[in-house]
Asker: 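Here it is: the structure, laid out below.
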Amino acid sequence: MAKIKTAVFPGSFDPVTNGHLDVINRALNIFDSLVVAVAVNDEKNPMFTLDERREMLKLSCSGIENIEFDIFEGLLVDEVRKHNAVAVVRGLRAVSDFETEFQMAMMNRELNPGFETLFLMPSPENSFVSSKLIKEITRFGGDVSAFVPVPVTGALRKKQKNL
Ligand code: PNS
């Protein structure tokens, strides 16, 4: 029987954007299953709690098969091992993303040479979308509904009211 190939898509997902969904769909065209793993990273001062981020991911991916959601604390290589994944998937929007991503991929390979890091390029309409910009526009009262899944638009509006 063929071995099921799982990949891990790690990130902050604060919040999930159309760019992330683009990468998720592309990854599922390659792998049998995907674990979307929300990283605990207190240094980033997130807008949403970990549970809120996972919930928005779940709602945004309803209808997508062979996907699961996890929250992980600690090293990505340990999360990869936990799920027996063969790869880590990351989105690459522009050359500016490359330097940090390359450094992380090479370091992860040093820590565990047993999996590959794959970079997937989103569609041009998603290539400039980032969670950071989404949050900034939201803080200043702007409309980001064109760049995030529907459940995230609602969650951002709620945050906007409480800012
Ligand atoms: O969406 P982000 O914030 O760009 O995701 C960054 C993330 C979560 C993938 C990265 O910070 C990470 O892998 N964190 C886990 C801790 C870890 O393994 N650090 C060493 C990386 S070489």
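Along the sequence shown, residues are numbered consecutively beginning with 1. Numbering of ligands and ligand atoms starts at 1, following listing order.
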Asker: Determine whether R109 and E116 make a side-chain contact, defined as any pair of heavy atoms from C-beta on separated by less than 4.5 Å.
Answerer: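 A side-chain contact exists here, since the closest heavy-atom pair is under 4.5 Å.
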Asker: For S12 and ligand 1, does the shortest N/O to N/O distance drop below 3.5 Å?
Answerer: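 Such a contact does occur with ligand 1.
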Asker: Does E52 pair with K159 as a salt bridge, N-O distance under 4.0 Å?
Answerer: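 Looking at K159 together with E52, the answer is yes, because their closest N to O distance falls below 4.0 Å.
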Asker: For K44, state whether at least one heavy atom is located under 4.0 Å from any atom of ligand 1.
Answerer: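 K44 counts as a contact of ligand 1 under the 4.0 Å cut-off.
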Asker: Give a yes/no on ligand 1: does A37 have at least one heavy atom closer than 4.0 angstrom to it?
Answerer: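 No; A37 lies far enough from ligand 1 that no heavy-atom distance drops under 4.0 Å.
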Asker: Please tell me if the side chains of F9 and L120 come closer than 4.5 Å, counting only heavy atoms from C-beta onward.
Answerer: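 Side chain of F9 against side chain of L120, heavy atoms only: no contact under 4.5 Å found.
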Asker: Is any N or O atom of N108, backbone or side chain, closer than 3.5 Å to an N or O atom of ligand 1?
Answerer: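 Between N108 and ligand 1 (N or O atoms, distance only) the closest approach is not under 3.5 Å.
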Asker: Quick one: closest heavy-atom pair of S130 and T17, and the distance?
Answerer: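 Looking at all heavy atoms of both residues, the closest pair is C-CG2, 4.2 Å.
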Asker: Considering P10, P46, A39 one by one, which has a heavy atom nearer to atom 8 (C) of ligand 1 than any of the others?
Answerer: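 Heavy atom nearest to atom 8 (C) of ligand 1 belongs to A39.
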Asker: Just to check, does R90 reach to within less than 4.0 Å of ligand 1 when the distance is taken from its heavy atoms?
Answerer: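 Yes; R90 lies near enough to ligand 1 that a heavy-atom distance drops under 4.0 Å.
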Asker: Of all heavy-atom pairs between L28 and N66, which one has the smallest distance, and what is that distance?
Answerer: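 Where L28 meets N66 most closely, the heavy atoms are CD2-O, 3.5 Å.
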Asker: For N18 and N126, does a side-chain donor sit closer than 3.5 Å to a side-chain acceptor?
Answerer: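 No pair is found: no donor N or O on one side chain lies under 3.5 Å from an acceptor on the other.
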Asker: Under 3.5 Å, is there a donor-acceptor pair between the S131 and D14 side chains?
Answerer: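 D14 and S131 do not have a side-chain donor-acceptor pair below 3.5 Å.
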Asker: Please state which protein non-hydrogen atom is closest to atom 10 (C) of ligand 1 and give its distance, to 0.1 Å?
Answerer: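 Here the closest protein heavy atom is M104 SD, 3.9 Å.
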Asker: Considering non-hydrogen atoms of the protein only, which is the closest contact for atom 15 (C) of ligand 1, and what is the distance?
Answerer: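 Sorting protein heavy atoms by distance from atom 15 (C) of ligand 1 puts G74 O, 3.4 Å first.
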Asker: Before signing off on this row, confirm whether L76 and ligand 1 have an N or O atom pair separated by under 3.5 Å.
Answerer: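 Indeed, backbone or side chain, L76 has an N or O that close.
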Asker: Give me the atom names and distance for the closest heavy-atom approach of R90 to P10.
Answerer: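 Result for this residue pair: NH1-O, 2.9 Å.
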Asker: Which residue and atom name correspond to the protein heavy atom nearest atom 19 (N) of ligand 1, and how close is it?
Answerer: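 Heavy-atom neighbour on the protein nearest atom 19 (N) of ligand 1: L75 CD2, 4.1 Å.
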Asker: Can you find a protein heavy atom closer to atom 12 (C) of ligand 1 than 4.0 Å?
Answerer: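 No; the ligand atom in question lacks any protein heavy-atom contact below 4.0 Å.
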